Amino acid sequence: MENTDTKDVQINYHRYYYEYLQLHYKYLTEELGIEFNTNEIVQCYLNAIASSSVLSEQCTLAIYKELATDYNMVLATNGVVQTQKKRVSFFYPTLIEYISEEMGVIKPAKEYFDYILRDLNCSPVQCLMIGDSIINDIVGAKKSGMDVCFYNPNLNYM
C-alpha cells in the first residue's frame, strides 16, 4: 500500500524536478550576485545534458546492436523527454523507449512496469530488466514479476 507522500511524488515527480532546477539556479545566481533569467539557465542545463551522448561503457553500443538483432530492446527511464530522446538517439531505430514524463508514472511503481508489459503485449517472464538502481530498476521490475539483473558499473568484474 502506498502512502500519500509516495503517491504525490509519483504524480508530481517531473513538476518537482523542474521546480527544483528553477530554485537551484535562482539561489545560485543570487549567491553569485548576478542577474540572469532562471528559465534560460534551466534550458541551457537541460540542453547540455541532452547533448552529452558519451557512453560510460565503451562496449555498450556494440552489445546493444548485437542483442537488438534478436530481442526487443527497451529504455526505461525516469528522465525527462527533452534530455532523454536526444541522449539515446544513436540507439534508434530499434530502441523502444519508456520515459516516465510521457507515461505519467515513475519507477519503481509497479504501474510503470505494467504499462511496459501491456504496451509490448508480453508477459513478465518474457522480460529481463537490467538496471543500475536497486530500488528503481530491480525492486520495481520484480514487483511486476520480471527477471532482473543488477549492473553495478563500479564493480570490477574481471
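Start at 1 with the first residue, then count along the sequence. Computed from a predicted structure; not experimentally measured.
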Reported SG-to-CD1 distance for the pair C44 and I49, which is rounded to 0.5 angstrom:
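Rounded to the nearest 0.5 Å, the SG-CD1 separation comes out at 11.0 Å.
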Got a donor-acceptor contact below 3.5 angstrom from the [X] side chain to the [Y] backbone?
X: N12; Y: R15; value: no
X: E40; Y: N37; value: no
X: Y64; Y: L95; value: yes

Scan side-chain atoms only and decide if [X] and [Y] contain a donor-acceptor pair under the 3.5 Å cut-off.
X: S144; Y: Y112; value: no
X: Y98; Y: D119; value: yes
X: E101; Y: N78; value: no

Do [X] and [Y] make a side-chain contact, defined as non-hydrogen atoms from C-beta onward lying under 4.5 Å apart?
X: N39; Y: Q22; value: yes
X: K107; Y: S100; value: no
X: K85; Y: E97; value: yes
X: Y16; Y: D8; value: yes
X: V148; Y: D137; value: no
X: L75; Y: I96; value: no
X: T29; Y: E35; value: no
X: M146; Y: F113; value: yes

Under 4.5 Å between side-chain heavy atoms, hopping through other hydrophobics if needed: is there a path connecting Y25 to Y27?
no
Using the rule that Ile, Leu, Val, Met, Phe, Trp and Tyr join whenever any side-chain heavy atoms are under 4.5 Å apart, tell me whether Y20 and L46 fall into a single cluster.
yes
For H14 and I106, run side-chain contact (heavy atoms from CB on, under 4.5 Å): C-alpha distance rounded to whole Å, both residues' side-chain angles, the deciding distance at 0.1 Å, then the answer.
CA-CA 9 Å; H14 295 95; I106 61 171; 3.7 Å; yes
What is the minimum heavy-atom distance between K110 and K143, and which atoms define it?
CE-O, 3.3 Å
Walk me through whether L117 and C127 qualify under side-chain contact (heavy atoms from CB on, under 4.5 Å).
CA-CA 9 Å; L117 293 170; C127 297; 3.5 Å; yes
